[in-house]
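Lettering follows sequence order; numbering is per chain, from 1. Values in this document were obtained by computation on a predicted structure and should not be read as measured data.
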Number of protein chains: 2
Amino acid sequence: MIDVVIADDHTLMLESLAEALDSIPDIRVVGTAANGAELVEQTRQQRPTVLLVDIEMPQVSGIAALRELAGAIPAIVVTMHTGEAERRQAEAAGAVGFLSKATPLPDLAAAVRAAAAGEQLLDTETLAEVLDRHRAPQLDAGAASLTAREREILRHLAQGVSATDELADLLFISQKTVKNHLANIYDKLAVADRAQAAVEAIRLGLHRDPPD
Amino acid sequence: MIDVVIADDHTLMLESLAEALDSIPDIRVVGTAANGAELVEQTRQQRPTVLLVDIEMPQVSGIAALRELAGAIPAIVVTMHTGEAERRQAEAAGAVGFLSKATPLPDLAAAVRAAAAGEQLLDTETLAEVLDRHRAPQLDAGAASLTAREREILRHLAQGVSATDELADLLFISQKTVKNHLANIYDKLAVADRAQAAVEAIRLGLHRDPPD
DNA sequence: CACACGGTAGGTCGGTAGCCCTATGGTGTC
DNA sequence: GACACCATAGGGCTACCGACCTACCGTGTG
């Protein structure tokens, strides 16, 4: 699990991003900050794995905060203005990454994983390759080994279909087969019953997978 | 359920906000757009209840897109620059609301509900009052009538504690009482078992309520 | 071709979840 | 003070769930 603190002065951006990142299974948002001072405070209190920092913030800027933290924790700078000047500033302040706000969310998640793994993300040349290497949300071992049919059952479970007979009807198979699949799912996810399996399925985001 | 289409040229903002709004029980994001042209297309295809539009977008601006849609669907303009000029532009283009990107997420959600209910949000004087009236995420009738103890049990359920004896131990009550509470919960949430109750609890956001 | 694996199906059995009912003490309200 | 509501607890019963086992067939892989 990667603990992240996010700093951005636009509340909407801050709260949305926190919410979105938090819903990624292997990332947890442990603090948010609206300015550099709060960022320093949150970082010292929460000891996160990675920082996500907007440059443009009132009072104490992101750059100033990073300088104060002196690279103790890998920080990714996320900014609207991706000019060379800003990039150099961020690099000088000790950031390990420099990303535009036009970055897709999955790429940002990959960047967070890369930073947590100690990678450097400043080099524009190799950025795509580094992100690619951290794209897989490394599902919790067992979850990765779920078969297509098992995922399908989990999806229905996460959508509120819990009864064996209803699941059997939905998949056009016997109740016996449903119970067999469920038993295999319990084994792989290390859970005991369908309530826990449903919770886990939602945590893994299976509840909004395509019906196909 | 309120269907929303969001337009913003910053991918990170767009995707984060979509994710965050989607996780609100009574709001569903049915489309996203990176520019005005996509916004018009998504709106015509999806027929959403409310539009959330950033002004500053490449190619076709949010204002131009709103003018083209001619107020067919209530639109809330969300912008970084909240000057009088922008406000007048938004109003002239037919927007029913004009909010800063410094708006907290719950306020934006309230604004979306207000817009869906046909309210005007342009008047700065009455804005706070209007938002207040739409603050309550109008939980699905039954959910609102849950007692504190029932919510506590649902919270644990949503966090993966499903067995009756474990719940009883956690709450220092008998298994009988747990089963009674659960029966009342099933009744109020209109579900049949703890798997469905867990799914519903997570949908209501109870899984990250404070342990208090 | 043998083998592994996934999807399918069945049997048995014990435990428990869910349903119906009653009951009591506390708390708050009119 | 009567009443409603909540949290607590129990009895009894049935149906279902989950655990463990075997089995067959098709597909793909070595």
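With distances taken from any side-chain atom of Arg194(B) to the nucleotides dG10(C), dC21(C), dG18(C), the minimum falls on dG18(C).
Note: CG (Leu171(A)) to P (dT8(C)) measures 7 Å, nearest angstrom. To the nearest angstrom, P of dA17(C) lies 17 Å from CG of Asn184(B). Rounded to whole angstrom, the span from the CG atom of Leu182(B) across to the C1' atom of dT16(C) amounts to 13 Å. For Asp193(B) and dT16(C), the CG to P distance is 17 Å, given to the nearest whole Å. In this structure, NE2 of His181(A) is placed 8 Å from P of dA9(C), rounded to the nearest angstrom. Rounded to an integer number of Å, the gap from CG of Asp187(B) to P of dC21(C) is 13 Å. In this structure, the CD atom of Glu152(A) is 16 Å from the P atom of dG6(C), given to the nearest Å. When rounded to the nearest whole Å, the span between CZ of Phe172(A) and P of dT8(C) equals 12 Å.
Separation of atoms CG (Leu51(B)) and CD1 (Ile73(B)) is listed at 5.5 Å; rounding is to 0.5 Å. The NE2 atom of His10(B) lies 10.5 Å from the NE2 atom of His10(A); values are rounded to the nearest 0.5 Å.
Along DNA chain D, the nucleotide nearest to Ala192(A) and the one nearest to Ile173(B) differ in position, and the one closer to the 5' end is contacted by Ile173(B). Comparing Lys176(B) and Glu150(B), the nucleotide of DNA chain D nearest to each residue sits closer to the 5' end for Glu150(B).
Counting non-hydrogen atoms under 4.0 angstrom, Asn180(B) reaches a base of the nucleic acid. Thr147(B) comes within 4.0 angstrom of the backbone, heavy atoms only, and of no base. Asp165(B) comes within 4.0 angstrom of no nucleic acid atom, judged by non-hydrogen atoms across all strands.
Looking only at atom types and distance, the side chain of Ser23(B) has a donor-acceptor partner in the side chain of Glu19(A) under 3.5 Å away. For the residue pair Ser162(B) / Asp193(A), a side-chain donor-acceptor distance below 3.5 Å is found, with atom types taken as modelled. There is a side-chain donor-acceptor pair under 3.5 Å between Ser174(A) and Thr177(A).
Overall, the helix from dC1(C)-dG30(D) to dC30(C)-dG1(D) carries an axis bend of 50° between its ends, with five pairs at each end and the value rounded to 10°.
Between Pro48(A) and Thr43(A), the closest heavy-atom pair is CD-O, 3.5 Å. In plain terms, the two heavy atoms of Phe98(A) and Thr82(A) that are nearest each other are CE2-CA, 3.9 Å.
The shortest side-chain heavy-atom distance between Asp9(B) and Asp54(B) falls under the 4.5 Å cut-off.
Only one option out of Val30(B), Val29(B), Val50(B), Ile27(B) pairs with Asp3(B) in a side chain to side chain contact (heavy atoms under 4.5 Å, CB included); it is Val30(B).
Of all nucleotides in DNA chain D, those with any atom nearer than 4.0 Å to a heavy atom of chain B start and finish, going 5' to 3', at dC6(D) to dG12(D).
OP1 or OP2 of dA9(C) lies within a sub-4.0 Å distance of a side-chain N or O belonging to Thr177(A).
For the pair Asp22(B) and Arg208(A), the salt-bridge criterion is not met [side-chain N within less than 4.0 Å of a carboxylate O].
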